[in-house]
Amino acid sequence: MAKSLTYQQQPLTAVEFALDAADRLTADLKACGPLGLSTLGMLYLNAAIAASHGQRSTAAVQQATEYVDQAAEIADQQGADLNEDWTMFGPTNVKMHRVDVLTRFEDGWSALEAEAACSLRRRPGGGSLVSASWRS
């Protein structure tokens, strides 16, 4: 729903929806293990992406970054890159979203620093960016 609202040019409503759902469902989702954690983490990442569709300001960048930070905390609890319910949620996905959000805000230097912190590297022979845990 949050993604759909973002695509329909309703980013503030998308952020509100994702955060309300996360607030309301946190305890139940955490109790579901990796599937619930993946869902909760993706709610925060969707809020971050939606927040990055608005006007660039220091407050907007800080807010979107905080949503990515919340997703990172959930990814740490989950402990690995998993594809629960086709989310591909985990530490690597969070790092990629951090770069995406900073790029959307045209914060190139911070995006480059975030990319450098990613464990993503090109494979020998010029392959695409892939996390080793996603190859299985």
Tabulate below the donor-acceptor pairs under 3.5 Å that side-chain atoms of residues 28-53 make, not counting sequence neighbours, or state none.
residue: S38; atom: OG; partner: P34; partner atom: O; Å: 3.0
residue: S38; atom: OG; partner: Q78; partner atom: OE1; Å: 2.8
residue: T39; atom: OG1; partner: L35; partner atom: O; Å: 3.1
residue: N46; atom: ND2; partner: M42; partner atom: O; Å: 2.9
residue: S52; atom: OG; partner: I49; partner atom: O; Å: 2.7
residue: H53; atom: ND1; partner: I49; partner atom: O; Å: 2.8
residue: H53; atom: NE2; partner: R104; partner atom: NH1; Å: 3.4

For the residue pair L19 and Y67, establish whether any side-chain heavy-atom pair is separated by less than 4.5 Å.
-> yes

Would you sort out whether D81 and M88 count as a side chain to side chain contact (heavy atoms under 4.5 Å, CB included), showing the intermediate values?
-> CA-CA 7 Å; D81 293 318; M88 294 303 289; over 6 Å; no

With sequence neighbours excluded, give me every salt bridge (charged side-chain N to carboxylate O under 4.0 Å, His left out) pair touching residues 61-74.
-> D69-R98

Could you walk me through whether V94 and F89 pass the side chain to side chain contact (heavy atoms under 4.5 Å, CB included) check?
-> CA-CA 7 Å; V94 171; F89 180 76; 3.7 Å; yes

Can you list the residues that meet the side-chain contact (heavy atoms from CB on, under 4.5 Å) rule with A80, with sequence neighbours excluded?
-> L82

Residues two or more places apart in sequence or in another chain: which of them pass side-chain contact (heavy atoms from CB on, under 4.5 Å) with D76?
-> none

Please write out which residues are connected to W86 in a hydrophobic cluster, directly or through intermediates, given that two of Ile, Leu, Val, Met, Phe, Trp, Tyr count as joined at side-chain heavy-atom separations below 4.5 angstrom.
-> none

List the atom of T87, the atom of N83, and the distance in Å for their closest heavy-atom pair.
-> N-OD1, 3.3 Å

Hits for side-chain contact (heavy atoms from CB on, under 4.5 Å) against T58, two or more places apart or cross-chain, chain-then-number order -> none

Under the side chain to side chain donor-acceptor pair (under 3.5 Å) rule, what pairs show up with a residue in residues 2-22, not counting sequence neighbours?
-> S4-Q8

Students should find that the hydrophobic cluster of F17, defined by side-chain heavy atoms under 4.5 Å apart, otherwise consists of M1, L5

